[in-house]
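Here is the naming used below: chain letters follow the sequence lines, and residue numbers restart at 1 for every chain. Just so you know, these numbers use all the heavy atoms, side chains as well, and skip hydrogens, waters and symmetry mates.
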Amino acid sequence: MPDEVDGELLRRFVQGDQDAFESLFRQFEIDVFQWILRIVRDASIAEDVLVDAFWRAYRARARFDSSRSFGAWMRRIATNAARDHLRSVRPRTGWVATRDDIVAPTSADLGLSESVGHAFRRLPPKLQVVATLALIEERPYAEIADALDLPVGTVKSRVFRAVRALRKELACKDIQP
Amino acid sequence: MSDDRLRMLLHSAFPKLEGQKPSHDLWPLIVDRVRAPTVWSGIDISVAAGVVAGVAIAFLTLPRALLLLAYQL
């Protein structure tokens, strides 16, 4: 994320200046959007979550330490907003993702990858976020840890638990490719 | 299932999403959200009332426990 932000701009943001807030929004909008999109995997949902994330940032501006990275702070807020969205839509029972942007695999893995996708969406949101970023987006553990404000060890442990849960879910469906 | 196989299936189910941007300007939506008055739901009010009532009852029945709690905080 771009993070050469003028200290004066950050100070004005903390004081509630909406012009400063808009300037920060314009500067970080695309990066935050792409980060959220990585987690929620749907552009229109990512737009809603982005609005929610910047609103949360504005509401929490008094707690922002302007000597620290705005980009990292914003990414944490965006990650939490995306995770809250996953929590709100998490399937309880058989639920199939309806997504137009998935490129259909051409191999015999079609049904299998759908089952894997379905099982993945059933992971607890805190595991799903970490597993999406680590296994699908292949982001470095340190970056994920920073975005979630967690130790790297916890991120590794969540990835391990996500893979184990995914295997268990697939085994329940008798999927052994 | 090997890790590589699982990873491949995940990539197949969830292709990488690169270089996308919001479809329209989202700033007006954020301004609307920021300017919207805070609305307290019935649940918010009930929880707040419950907390106040709980603290009041605890203060009346267990004043020493509250002092201990205050000390710990």
Residues 45-54 of chain A vs chain B, non-hydrogen distance cutoff under 4.5 Å, contacting residues -> A:E47, A:L50, A:V51, A:D52, A:F54
**Prompt:** Any donor and acceptor pair, going by atom type alone, linking the side chain of B:S12 with main-chain N or O of B:M8 inside 3.5 Å?
**Reply:** no
Residues A:G16 and A:R61: closest non-hydrogen pair is CA-NE, 3.2 Å
Original post:
In the single-linkage hydrophobic clustering (I, L, V, M, F, W, Y; side-chain heavy atoms under 4.5 Å), do A:L127 and B:L10 co-cluster?
Top reply: no
For residues 129-139 of chain A against chain B, heavy atoms under 4.5 Å, the residues are A:A134, A:L135, A:I136, A:E137, A:E138
4.5 Å side-chain heavy-atom contact, A:L9 and A:R12
yes
From the list A:Q128, A:K126, A:R41, side-chain contact (heavy atoms from CB on, under 4.5 Å) with A:L86 holds only for A:Q128
Bottom line for B:R7: the part with an atom under 4.5 Å from chain A's heavy atoms is side chain
### Query
Is a side-chain N or O of A:Q34 found less than 3.5 angstrom from the main chain of B:Q20, in a donor-acceptor match?
yes
The interface call for A:E29 against chain B, heavy-atom contacts under 4.5 Å, is side chain
Q. Is the B:F14 ring parallel, tilted or perpendicular to the A:F120 ring (thresholds 30°, 60°)?
A. tilted
The interface call for A:R26 against chain B, heavy-atom contacts under 4.5 Å, is side chain
Checklist entry - So, A:S157 side chain and A:G153 main chain: donor-acceptor pair closer than 3.5 Å or not? => result no
Exercise. Does the separation of the ring centres of A:F21 and B:W27 fall below 6.0 angstrom?
Worked result: yes
ask   = In terms of ring plane angle, is the pair A:W73 and A:F64 parallel, tilted or perpendicular, where the classes change at 30° and 60°?
value = tilted
**Asked** Taking 4.0 angstrom as the limit, do A:R76 and A:D146 come out as a salt bridge?
**Response** yes
